[in-house]
Each structure stands twice: as structure tokens, then as C-alpha cells.
Amino acid sequence: MSVNSNVDVINIMEIIECVENFAREYDLFKAHDKLLIACSGGPDSMALVDIFQKLSVKYKLEIIVAHAEHGIRKESSLNDAWYVKNYCEQKNISFFMEHLNVLEHLKTEKLSVETLARKLRYQFLRKIAKAQNATKIVTAHHLNDQAETVLQHLLRGAGTAGLSGMKAKNEDIIRPFLCLYREEIEAYCLAENINPCLDETNNCLDYERNRIRLDLIPRLKAYNPKVVTAICNSAKIIAQENDFINYYVKNFYRDKVIVDIDNQGRKYIKIDIKVLKQ
């Protein structure tokens, strides 16, 4: 699925074709769609904007960009926001930004900083998508993110839904970079002279996600150097099995389960035992 997980020299067209083929496989977008790209200013999202600018010519896509300024990193965070704004102005891309003030919201919400930031960010993205009639919200999650997500869910005791990881297409969210590794994206930025912002909090071990990326995964690579690929492959298999089980159960419930009401107005279900034995 990916071009190459160990990249020194990158072929730009291969990267774009990989994303294009992945998008086609999972039906992520259609010609003439209006796509809202979530852009933090980091390597992943800047590469995402650049690649979809190129694809917009072929598929006649309308691209708009939204940036959530979380207010956690203060001046550094504001610099990222202005960087993305200026980039979009230079490329003639419609740009939307909101200051989320995560730390202020944290006073009234009993959530971790990471969880609250994510909640507020997606609220903002959906608000802009609705106001601008965007067909999809595009995020830059890649295969390394997928492996980290699966490990995070595993450590919390998730079932098959959690161990399936992120979906390429989840209602209004599409993730066309779930065919690329972080190294490929960074190599793409270098090859295309994209100078992204670097979030210093990505190296802070106070955050669980960072500890998984910076500590746990390197330790696991001692057992399997391709552990990121292995985790993503397992997640894909689990997702397929989970989808099959859900599909079968829903069909069974629809066709074989009868919901009735007793003489006291209470609902109950009836299942034909003979059907279960078939």
C-alpha cells in the first residue's frame, strides 16, 4: 500500500499516485467535491494541502483550509497559524481559523488536554465545513499515526472496534494519507521545498501519545523493526473482521429477531431457535 517505509530519495509522482489510488480504493472523494483540509502547519498537513492542490486540477476539486489555533503553545502556536494563513494567501486558497482557547475550556471540562483539544478542533472543522458546504473534511493521519492509535487503544483495553484503528472514511472525515508513512511525507516536503512548522510539544513526554511514539514504539522495534507495518496490517484485518461481524449481526437482527410487546406494555424479543441451529 505504501511506497516505501524506509525513504532516502522519494519519487514525487509515486507518492501522489499512492494517495490517488488509495482514495479511489476507499471512494474518499469525487470529481467537483469541495474539500475542507485541516492544516496545523506541520509536515503532514502541509504535504496534504500541496498534494490536494495538485489533485484538484485533475479532479476539479475546490480546496479550502481550516486551522485550529489551540492556544496551548502561545506565541509558537500563533506563529503556526500565521504561517498557514500566509501560505494559503500565496496559493490563493480560502483560509479559516479559530482560536480555541483549550486551556480556558479545561477549567470547566473534565477531559485531558489532548482529548479536549481534539473535541474542540473537530467541532470547529465541522462548523466551517457546514457553513462552506464542504463535502468532506480531510485530515493528514498516516500509517505511523494509525499504529500509535491502535497501541493507545490496546493499552486502554479496547475491543475489536478500537483495535481496528482509524478508518480511511468515517462519515464526513476522510484520511487519504493512511497509505503513507511519516518518513515518506517528510521526504515529500523536503523534495517539494515545503518548510513546515515544528510543534515542540511533539517531543514532550507528558502526553501519552508522545510516550507511545517516542518510547514504546522504538522499544517494540527491537522485537520487530517493521512493527509499525505489522500493527497497521493487524488493524486492517481486525477492521475487516469487525465489519463482517457487524454486517452479519445487523442482518440477522433485521431478518430473524422479532420485537414484541407483552400485555403490560413491555418490549421483548423473540428468536426462532430453529433458525439459530441452521
Side-chain angles (χ1 to χ4, degrees), residues 5 7 10 37-51 65-91 93 95-107 109 111-125 137-152 155 166 175 177-178 180-221 227-228:
S5 59
V7 179
I10 200 74
I37 299 180
C39 183
S40 67
D44 311 331
S45 59
M46 290 303 298
L48 185 68
V49 174
D50 187 80
I51 286 175
V65 166
H67 176 86
E69 195 279 299
H70 297 97
I72 298 172
R73 294 158 46 235
K74 302 187 177 179
E75 185 178 350
S76 178
S77 182
L78 290 172
N79 289 338
D80 291 355
W82 293 122
Y83 170 81
V84 179
K85 181 177 184 292
N86 290 334
Y87 178 90
C88 289
E89 287 177 351
Q90 292 171 14
K91 300 292 183 179
I93 303 171
F95 172 78
F96 302 88
M97 178 178 69
E98 187 166 304
H99 301 283
L100 300 182
N101 297 317
V102 173
L103 298 180
E104 188 64 29
H105 285 278
L106 202 61
K107 296 176 183 177
E109 300 222 31
L111 298 171
S112 69
V113 174
E114 293 171 286
T115 302
L116 181 57
R118 184 182 186 279
K119 174 186 173 182
L120 295 174
R121 182 169 62 251
Y122 276 99
Q123 285 177 352
F124 159 64
L125 292 172
I137 296 168
V138 193
T139 71
H141 295 106
H142 47 67
L143 288 168
N144 297 75
D145 291 324
Q146 180 76 300
E148 292 165 19
T149 297
V150 173
L151 284 173
Q152 192 172 39
L155 293 172
M166 296 176 286
R175 300 181 175 97
F177 273 12
L178 283 181
L180 299 175
Y181 292 93
R182 178 180 289 115
E183 296 87 353
E184 292 172 316
I185 295 168
E186 291 174 349
Y188 178 90
C189 288
L190 187 63
E192 289 293 86
N193 295 313
I194 299 170
N195 299 304
C197 303
L198 298 177
D199 183 347
E200 64 277 9
T201 63
N202 284 340
N203 295 319
C204 176
L205 295 178
D206 291 342
Y207 301 110
E208 180 187 41
R209 186 75 175 224
N210 290 355
R211 291 196 298 274
I212 290 172
R213 183 177 69 256
L214 299 173
D215 183 47
L216 179 57
I217 289 179
R219 290 174 185 269
L220 292 176
K221 283 183 177 179
V227 69
V228 169

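Position 1 is the first residue of the sequence, and the numbers go up from there.
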Next item on the list: State which residues pass side chain to side chain contact (heavy atoms under 4.5 Å, CB included) with C88; sequence neighbours excluded, sorted by chain then number.
Entry: V65, V84, I93, F95

Note to self: To the nearest 0.5 Å, what is the distance between CG on L48 and CZ on F177?
What the structure shows: 4.5 Å

Notebook entry, point to check: For K85, what residues pass the salt bridge (charged side-chain N to carboxylate O under 4.0 Å, His left out) criterion, not counting sequence neighbours?
Noted result: E89

Notebook entry, point to check: Heavy atoms, side chains only, cut-off 4.5 Å: are Q146 and H141 in contact?
Noted result: no

Checklist line | Spacing of L120 atom CG and H70 atom NE2 [to the nearest 0.5 Å] | finding: 7.5 Å

Check: Among all residues two or more places apart in sequence or in another chain, which pass the side chain to side chain contact (heavy atoms under 4.5 Å, CB included) test with S45?
Finding: C39, S40, A140

Item checked: Minimal non-hydrogen separation, G71 against L103, with atom names -> O-CD1, 4.1 Å

Note to self: Any non-hydrogen side-chain atom of L78 less than 4.5 Å from a side-chain atom of H99?
What the structure shows: yes

Next item on the list: Please assess D206 against V113 for the test side-chain contact (heavy atoms from CB on, under 4.5 Å), listing each intermediate value before the final yes or no.
Entry: CA-CA 11 Å; D206 291 342; V113 174; over 6 Å; no

Return a table of donor-acceptor pairs under 3.5 angstrom between the side chains of residues 185-196 and protein atoms on other chains or two or more places apart.
from : atom 1 : to  : atom 2 : distance (Å)
Y188 : OH     : D50 : OD2    : 2.5
Y188 : OH     : K54 : NZ     : 3.3
E192 : OE2    : K54 : NZ     : 3.0

Notebook entry, point to check: Taking atom CG of L180 and atom CZ of R175, what is their separation to the nearest 0.5 Å?
Noted result: 15.0 Å

Check: Any side-chain heavy atom of I217 sitting closer than 4.5 Å to one from E148?
Finding: yes

Note to self: Rounded to the nearest 0.5 Å, what separates atom CD1 in I212 from atom CZ in R219?
What the structure shows: 13.5 Å

Note to self: Applying side chain to side chain contact (heavy atoms under 4.5 Å, CB included), can you list everything that pairs with L214, at least two apart in sequence or on another chain?
What the structure shows: N203, L205, N210

Check: Distance from R213 atom CZ to N202 atom CG, nearest 0.5 Å?
Finding: 5.0 Å

Notebook entry, point to check: Could you state the interatomic distance from OH (Y87) to NE2 (H67), rounded to the nearest 0.5 Å?
Noted result: 15.0 Å

Note to self: Would you say that more than 12 heavy atoms from the other residues, nucleotides or ligands in this model lie under 6.0 Å from the CD of E104, or not?
What the structure shows: no

Notebook entry, point to check: Taking C-beta and beyond as the side chain, do R209 and D145 meet within less than 4.5 Å on heavy atoms?
Noted result: yes

Item checked: 4.5 Å side-chain heavy-atom contact, D80 and E69 -> no

Note to self: Applying side chain to side chain contact (heavy atoms under 4.5 Å, CB included), can you list everything that pairs with E75, at least two apart in sequence or on another chain?
What the structure shows: N79

